[in-house]
Amino acid sequence: DIFNDLDIIAKEENLRNLKSCVRKISKTLSPNSSVILAINAALKESAEQLENLKIFVKVKKTTHYATASAEVDKNTEVKSRNTFWLRVKKFSKFFIFLLAVLLLLLVLISPSCCEFRNTMLLFYPRLSYVNGPPPI
């Protein structure tokens, strides 16, 4: 995770730039001077280390993807169960909220004039007499 492909590409570019600088310097100095030989040895060692780093990152990625895919398979099953229960919880909260709103509306709309009277009596049929009640 420390190095990615872009880091390695940038490091390879830096190594190429250093090698070209050393070639330019070796043209002005003698190619067998101890300074140029030491720099060339350091550049070779750096190139080998960079190659080893590329191999390490490639191996790390393949093993990481293999373990990640196994973990994903396990996690997808667990997540599918978790998402079902999360949806159930979400719906139940919404449903309880709607019931609370309905209860609040029923309390606000309830008539205050007829609290003690049975309101079901209003729905029974009533007889009305045109010329008054019949004689007993």
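Because the structure is a prediction, the values reported are computed rather than measured.
Residues in residues 82-94 take part in no salt bridge (charged side-chain N to carboxylate O under 4.0 Å, His left out) pair, two or more places apart or across chains. Pairs passing the salt bridge (charged side-chain N to carboxylate O under 4.0 Å, His left out) check and including a residue from residues 15-43, sequence neighbours excluded, read E13-R16.
Looking at every heavy atom in both residues, L15 comes nearest to S46 through CD1-CB, 4.0 Å.
Atom CD1 of I36 and atom OG1 of T28 lie 7.0 Å apart (nearest 0.5 Å). For the atom pair CG of L104 and CG of L99, the computed distance is 12.5 Å after rounding to the nearest 0.5 Å. Between atom CD1 of residue I96 and atom CZ of residue F91 there is a gap of 10.0 Å, rounded to the nearest 0.5 Å. Atom CG of N40 is separated from atom CG of L18 by 11.5 Å, given to the nearest 0.5 angstrom.
Both V35 and L43 belong to a common hydrophobic cluster when Ile, Leu, Val, Met, Phe, Trp and Tyr are linked at side-chain heavy-atom distances under 4.5 angstrom. Hydrophobic cluster membership differs between L102 and F94, with clusters built from Ile, Leu, Val, Met, Phe, Trp and Tyr side chains linked at under 4.5 angstrom.
Scanning for salt bridge (charged side-chain N to carboxylate O under 4.0 Å, His left out) contacts around K44 gives an empty result, with sequence neighbours left out.
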